[in-house]
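Before any comments, here is the structure.
Order of the sequence lines fixes the chain letters, A, B, ..., with proteins taken first and strands second; residue numbering starts at 1 for each chain. These numbers come from the heavy atoms of this one structure, side chains and all, not from hydrogens, waters or symmetry mates.
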There are 2 protein chains.
Amino acid sequence: MNLNEKLTELNEKGCTLTIQRHAVLEYLYENRTHPTVEKIYYSLKEKFSTISKATVYNTLELLKNYGLIQEITIEKGKLHFDYEVKPHHHFFCHRCNHVYDVDVVGCPLAGKKMIDGHKIEEMRPYIIGTCSKCLKKKG
Amino acid sequence: MNLNEKLTELNEKGCTLTIQRHAVLEYLYENRTHPTVEKIYYSLKEKFSTISKATVYNTLELLKNYGLIQEITIEKGKLHFDYEVKPHHHFFCHRCNHVYDVDVVGCPLAGKKMIDGHKIEEMRPYIIGTCSKCLKKKG
DNA sequence: ATCTAACATTAGAACAATTCTAAGTCAAGA
DNA sequence: TCTTGACTTAGAATTGTTCTAATGTTAGAT
Ligand SMILES: [Mn+2]
Ligand SMILES: [Mn+2]
Ligand SMILES: [Zn+2]
Ligand SMILES: [Zn+2]
């Protein structure tokens, strides 16, 4: 789903399309590195010096609630965000703190709505380890 | 793996078995509800009034590094811990904030050591939604 | 075009979770 | 007994997130 489709969807659902909301969504569209809130905030601040942290948090929460972005709790104590909302696995490297997409096929939970009587609303398949780049560094 | 086996393993690996470490591990052994650090700390404090938060954090980190307990980052901004280290899925109810074990068979990642060139050290398959108890309440 | 009420943004304070610090305690070996 | 290193403690500091109250903006009604 490209940027304009998401912006249109937001608009059609009655959400005011402020310049800040546009900027946050656009930033995630252009930066598929699963940035932290801090990263998003300071990056936006460069082009947009008056944007506030509260707005960044509010906007991320809003976009998440509209189902347009995904929140990632893979790293202890801080949030990452992802423009891509289609279910996919994430790999966290505890050496360099990067979050990678990984493609896993054949997940038995794919498409399931319920498990053990609980209603599934979101899947967060996380994998922790050492990434390929850091494995090479190790020497 | 029962409590004595884990205590023995700790001891054999040269780790001093202090009363605090014993207490934290025992608490997790007896409380399989995936407690938060706060819960662990205040529960231990009842029987053991001088235990400090730093010790609880240090001990949880130490036990995790020995592979005797598991850290869970399913809830935004706070840690839960699990005595059980065998790979299993966790379900987080965003209504009541409980963490449940769920049994999922046929995970294609089971036993895998590598993915996309990254070294897998830990699996954290999280599922978010509304638990069976909260679904009933909703009525 | 102007008014108005609801909504959005801002800066910074407040808060919550975790980590750090420095002093004190304990245990084992010389 | 003395020394050394490891452990614990209370509380301060730090970090990430949420709240607050003032200000600014938007969109619909007039
Ligand atoms: Mn992703
Ligand atoms: Mn569990
Ligand atoms: Zn890495
Ligand atoms: Zn529930």
### Message
Any donor-acceptor pair under 3.5 Å linking the side-chain atoms of B/His89 with those of B/Asp103?
### Response
no
### Query
Going by atom types alone, do A/His94 and B/Glu121 pair a side-chain donor with an acceptor below 3.5 Å?
yes
Interface polar pairs with nucleotides 26-30 of chain C, N/O, under 3.5 angstrom:
none

Counting distance only, does the side-chain N/O of [X] pair as donor-acceptor with the main-chain N or O of [Y] below 3.5 Å?
{"X": "A/Arg124", "Y": "B/Ile128", "answer": "no"}
{"X": "A/Lys64", "Y": "A/Glu71", "answer": "no"}
{"X": "B/Thr73", "Y": "A/Glu75", "answer": "no"}

### Task
Please identify each residue that fulfils side-chain contact (heavy atoms from CB on, under 4.5 Å) with B/Thr8, with sequence neighbours left out.
B/Glu12
Rounded to the nearest angstrom, tell me the gap between atom [atom1] in [X] and atom [atom2] in [N].
{"X": "A/His80", "N": "D/dT15", "atom1": "NE2", "atom2": "P", "answer": "16 Å"}
{"X": "B/Ile19", "N": "C/dT25", "atom1": "CD1", "atom2": "P", "answer": "17 Å"}
{"X": "B/Asn11", "N": "D/dA6", "atom1": "CG", "atom2": "C1'", "answer": "15 Å"}
{"X": "A/His22", "N": "C/dT9", "atom1": "NE2", "atom2": "P", "answer": "14 Å"}

### Message
Counting only heavy atoms from other residues, nucleotides and ligands, does the tally under 6.0 Å from NZ of A/Lys133 exceed 12?
### Response
no
### Task
Taking atom NE2 of A/His98 as the centre, report whether more than 12 heavy atoms of other residues, nucleotides or ligands fall under 6.0 Å from it.
no
## Note on the structure
Value for CD (A/Glu26) from CG (A/Leu7), rounded to nearest 0.5 Å, stands at 8.0 Å
### Message
Need the bend value for the helix from C/dA1-D/dT30 to C/dA30-D/dT1: angle between end axes, 5 pairs each end, nearest 10°.
### Response
10°
### Message
Under 6.0 Å between ring centres: does that hold for B/Phe92 and B/Tyr126?
### Response
no
So which protein nitrogen or oxygen atoms get under 3.5 Å of nucleotides 26-29 of chain D's nitrogens or oxygens?
none

### Task
Using the six-membered ring wherever Trp is involved, compare the ring planes of B/Tyr29 and B/Tyr83 and label them parallel, tilted or perpendicular (cut-offs 30° and 60°).
perpendicular
### Query
Does a salt bridge link B/Glu61 with A/Lys76, judged by any charged N lying under 4.0 Å from a carboxylate O?
yes
### Task
Determine, for nucleotides 10-23 of chain C in 5'-to-3' order, which nucleotides have protein heavy atoms under 4.0 Å from the base (write B), from only the sugar-phosphate (write S), or from neither (write -).
BB-----SBBB---
### Message
Among residues at least two apart in sequence or on other chains, which ones pass ring-ring contact (aromatic ring centres under 6.0 Å, His included) with A/His118?
### Response
B/Phe91, B/Tyr100
